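Report on one structure; see the data block that follows.
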Amino acid sequence: MNEKAQSYWNTYWAGKTPPQSVIAEQFGFEEHADELAQLIIAGRKTATCSAHVLYEIENDPLPAVGLYTVILNSRNEPVAMIKTVAVQVLPMNEISVEHAMAEGEGDLSYQYWWDCHQKVFSIELAEHGLEFSEDMLLVCERFELVDVVQSGGVPK
C-alpha cells in the first residue's frame with residue numbers, strides 16, 4: 001500500500017480495530033481507473049471480475065469475503081474503500097447477466113460486458129503468452145462501498 005493509501009486507511013480506522021485483510025489497487029487499466037472509481041462511488045458498480053490464471057501466475061491469493069480494498073485513482077491516490085461480500089470462481093461463459101450488469105460499465109448490457117472483458121482479458125493474457133478462451137475461469141467479486149474520500153484525502 002502506498003503512503004497516501006496507508007494514511008487514509010489509518011485515519012479511517014483510528015480508534016477502531018482494523019481488519020487484517022486489506023489491499024490498495026486501481027480497477028482496470030490505469031486509463032480507466034478514474035472512470036471505474038467514479039462508478040463505484042456513484043453506486044453503479046458493485047461487482048468486478050478478473051482472470052483466475054493471473055492469480056496463479058502472479059502468486060497472489062484469491063480475494064475473499066471480508067477483504068477491504070482501498071480504491072485508487074489514476075494518480076494512485078485513495079478515493080474510496082470497498083468490502084468484498086461475495087466471491088465465486090466461474091467460467092466466463094457462465095457469468096450471469098445480473099453479474100455483468102452489477103459491474104456497472106457501458107450500457108449495462110451483457111454484450112457490452114462480454115466484448116469489453118474479452119478485449120481486456122485477451123490483452124492481459126497475451127502479456128503472459130496465453131490466449132483468451134470463452135470458458136476461462138474468472139474470479140467474480142461482489143462488493144459494497146464502505147467509505148468515500150472527501151477532497152483533501154479525509155474519510156467521510
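Since the model is a prediction, treat every value here as computed from it, not as a measurement. These values consider heavy atoms only, across backbone and side chains, with no hydrogens, waters or symmetry-generated copies.
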| task | Could you give me the CA-CA distance, side-chain angles and deciding distance for L62 and H52, then say whether side chain to side chain contact (heavy atoms under 4.5 Å, CB included) is met? | result | CA-CA 8 Å; L62 292 179; H52 184 274; 3.9 Å; yes

| Gap separating the OG1 atom of T48 from the CD1 atom of I40, nearest 0.5 angstrom | 7.5 Å

| query | Would a 4.5 Å heavy-atom cut-off, applied to side chains only, mark I82 and T84 as touching? | reply | no

| Residue pairs involving residues 2-15 (criterion salt bridge (charged side-chain N to carboxylate O under 4.0 Å, His left out); sequence neighbours excluded) | K4-E77

| remark: Heavy-atom nearest pair, K45 first then L36, reads CD-O, 4.1 Å

| request: Side-chain contact test, heavy atoms from C-beta onward, threshold under 4.5 Å: evaluate it for L130 versus I57 and give yes or no. | output: yes

| query | When you measure from the side chain of K119 to the backbone N and O of F121, does any donor-acceptor pair fall under 3.5 Å? | reply | no

| said: Are E105 and Y112 packed together at the side-chain level, in the sense that at least one heavy-atom pair is separated by less than 4.5 angstrom? | reply: yes

| Restricting to pairs with a member in residues 82-100, which pass salt bridge (charged side-chain N to carboxylate O under 4.0 Å, His left out), not counting sequence neighbours? | E98-R142

| message | For a 4.5 angstrom cut-off between non-hydrogen side-chain atoms, does F132 reach H117? | response | no

| task | Assess the side chains of D115 and Q111: does a donor N or O sit below 3.5 Å from an acceptor N or O? | result | yes

| task | Apply side chain to side chain donor-acceptor pair (under 3.5 Å) to W9 and list each qualifying residue two or more places apart in sequence or on a separate chain. | result | none

| request: Apply side chain to side chain contact (heavy atoms under 4.5 Å, CB included) to the pair H128 and V53, showing each step before the final yes or no. | output: CA-CA 10 Å; H128 298 282; V53 69; over 6 Å; no

| task | Decide yes or no for Y68 and V146: does some side-chain heavy atom of the first lie under 4.5 Å from some side-chain heavy atom of the second? | result | yes

| said: When you measure from the side chain of D147 to the backbone of M81, do you find a donor-acceptor pair of N or O atoms at a distance under 3.5 Å? | reply: no

| request: Applying side chain to side chain donor-acceptor pair (under 3.5 Å), name anything that partners S122, two or more places apart in sequence or on another chain. | output: none

| remark: side chain to side chain donor-acceptor pair (under 3.5 Å) filter on Q88, not counting sequence neighbours, yields none

| field | side chain to side chain donor-acceptor pair (under 3.5 Å) partners for Y55, two or more places apart | value | S50

| Test item: L138 and L90 side chains (from C-beta on) under 4.5 Å apart, heavy atoms | no

